[in-house]
Amino acid sequence: PGGAAVLCSDPAPRWTLSPGRTEPDTAFVSGRHNLSLVRRNPPGHPQPWSIAFRFRHMTLTGLDSVFDDGAGFVWMVGYPDRIVRRLDVRAGVQADAPLTTFGPEHGLPPLQETDKVLMLPIGGALYVVRRQGGAWRWDEARARFEPEPRLLRNGVGPNSVRSSAASGW
C-alpha cells in the first residue's frame, strides 16, 4: 500500500528495499553505488515517496540484502564483492555516518562473488546466510558472527530453497 516512486530511470542498477524500522514511514533503498533513505509523503502529494537522504559511494558496484535492524544500524551485503557492511545511523542520517565492514576477522568465512548471500532477521537475531552452505548469527556482545548450524538442520534454511525467480535465490 502507498504506491511507489521512480527513484532512477536507469534500468541497469540492482535495487534492494528494506522497510525502515527506526523511523516510521521510511525505507532504505540500495542502488548501484548508493543507499537512499526514502520517506512517505503526506496524503495528496503528487509522489507517494521522496528521497530524504542519499549515502554515496557505499561500494564500487552495488548492494544486496539491505536490512534496518531498528537499533540504529543498517546492514547490507555488497554486490558482487559480498562484503558485509554496517552503517551506523544512531546519531542520525548524515554523510559521515560510520561504516564498518565485516569479514573473516569477525567470524565470517571468505565470501566469493559467486556466493548468494543474504542478511536474514530471524527471531530477533540477524544472520548472514550463504546459499552455498552456512549461516552465521551476529553476536552483539562479542562483536562477531558465530556459526549457526541449527538454521541448516532438517531441510530448513537456504539449502532447502531452490534457485528461482520466485524464491529470489
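Values below: every heavy atom of this structure, side chains too, minus hydrogens, waters and symmetry copies.
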Under 3.5 Å, which donor-acceptor pairs link side chains of residues 106-113 to any protein atom two or more places apart or in another chain?
unit_1, atom_1, unit_2, atom_2, d
H106, ND1, G103, N, 3.3

- Message: Within the structure provided, determine whether L87 and L35 are in side-chain contact (heavy-atom separation under 4.5 Å).
- Response: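 Yes; the side chains approach each other to less than 4.5 Å.
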- Query: Can you find a pair of side-chain heavy atoms, one from M119 and one from Y127, that are under 4.5 Å apart?
  - Reply: no
Suppose we screen for side-chain hydrogen bond (donor to acceptor under 3.5 Å, both in side chains). Which residues come up paired with [X], at least two apart in sequence or across chains?
X	answer
W136	none
D88	R90
T22	D68

What distance separates [X] [atom1] from [Y] [atom2], expressed to the nearest 0.5 Å?
X	Y	atom1	atom2	answer
T114	R131	OG1	CZ	12.0 Å
R39	I51	CZ	CD1	12.0 Å
S65	R82	OG	CZ	9.5 Å

For residues 92-102, run the donor-acceptor check on the side chains, cut-off 3.5 Å, and write out each pair with its distance to 0.1 Å, sequence neighbours left out.
none

- Task: Evaluate the side chain to side chain donor-acceptor pair (under 3.5 Å) criterion for residues R54 and S36: first the C-alpha distance (whole Å), next the side-chain angles of each, then the deciding distance (0.1 Å), finally the verdict.
- Result: CA-CA 4 Å; R54 184 169 282 151; S36 298; 3.1 Å; yes
- Message: Just to verify, what does E146 make a side chain to side chain contact (heavy atoms under 4.5 Å, CB included) with, not counting sequence neighbours?
- Response: R137, D139, R142, R144
- W138-F145 aromatic ring centre distance below 6.0 Å: yes
- Task: For the pair D115 (side chain) and R130 (backbone), establish whether a donor and an acceptor sit closer than 3.5 Å, ignoring hydrogens and angles.
- Result: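 Flag not set: sc D115 to bb R130 has no pair under 3.5 Å.
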- Message: Do V117 and I83 sit in one hydrophobic cluster, given that two such residues count as connected whenever their side-chain heavy atoms are within less than 4.5 Å of each other, even indirectly?
- Response: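 No; I83 is not reachable from V117 via cluster members.
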